[in-house]
Amino acid sequence: MFLIQLAFWLGWGSLGLALLKYLELPAYLPAETVELGTPGQFSVGSVTFFALYKAWLVRSPEGFYALQAVCPHLGCQPRWQAQGQAFSCPCHGSRFDSEGSLLQGPALRSLARLHIFLSPGGQIGLNLRQTYQAEAGEWQAPGAFLNWPERTS
Ligand code: FES
């Protein structure tokens with residue numbers, strides 16, 4: 001009897017694993033990369049929020065970077081405060097400057113940057129699954145910033 005029960009549960013377990021593998025097919029995952037628009041659409045100094053992607057696109061005089069809209073403390077969504085030129089988290093008060101650097105805790109690290117690139121079609125693209133941490137020295141990595149000096153817009 002025990003062997004029959006064991007075979008029964010192993011069969012259901014195998015079926016469950018196959019189903020999980022099936023659900024992880026890339027066609028069923030949300031888009032990994034997204035396009036936000038052409039560089040000329042964003043004026044220098046602008047901070048544009050893309051709610052669908054939980055990301056801000058920041059246009060500096062030198063180029064673009066994207067910040068993940070997830071507080072590194074407990075995951076709330078910080079808000080851009082244009083007057084103070086900072087992001088502040090409504091949950092426990094963490095603050096970050098316009099580059100995403102930590103100004104005030106309780107968060108212990110800066111906002112993560114998202115991988116940014118120029119697509120073959122000339123659009124600013126993001127990879128939503130690749131992040132860069134300031135504290136790990138990753139903001140100097142090529143994908144953490146899109147060099148696009150103001151005069152090229
Ligand atoms: S979740 Fe942002 S400060 Fe706590």
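The first residue of the sequence shown is numbered 1, and numbering continues consecutively from there. If you're wondering where the values come from, they're calculated on a predicted model, not measured in any experiment. Whatever order the structure lists them in is the order used to number ligands and atoms, beginning at 1.
- Using the six-membered ring where Trp is involved, His73 and His92 have ring planes that are perpendicular, over 60° apart on the 30 and 60° scheme.
- The protein heavy atom nearest to atom 1 (S) of ligand 1 is Leu74 N, 3.3 Å.
- With a cut-off of 2.8 Å, atom 4 (Fe) of ligand 1 has an N, O or S atom of His73 in range.
- The aromatic rings of Trp80 and Phe87 sit tilted relative to each other, their planes meeting at an angle between 30° and 60°.
- Residue His92 approaches atom 4 (Fe) of ligand 1 most closely through its N/O/S atom ND1.
- Atom 2 (Fe) of ligand 1 has an N, O or S atom of Cys89 inside 2.8 Å of it.
- Under 4.0 Å from ligand 1, heavy atoms of Ser94 appear from its side chain as well as its backbone.
- There is a side-chain donor-acceptor pair under 3.5 Å between Asn127 and Glu32.
- Those atoms of ligand 1 with a heavy atom of Cys76 less than 4.0 angstrom away are 1 (S).
- Partner of Pro78 under the side chain to side chain contact (heavy atoms under 4.5 Å, CB included) criterion, out of Leu111, Leu67, Val70: Leu111 alone.
- Taken together, the cysteine pair Cys89 and Cys76 keeps its SG atoms at least 2.5 Å away from each other.
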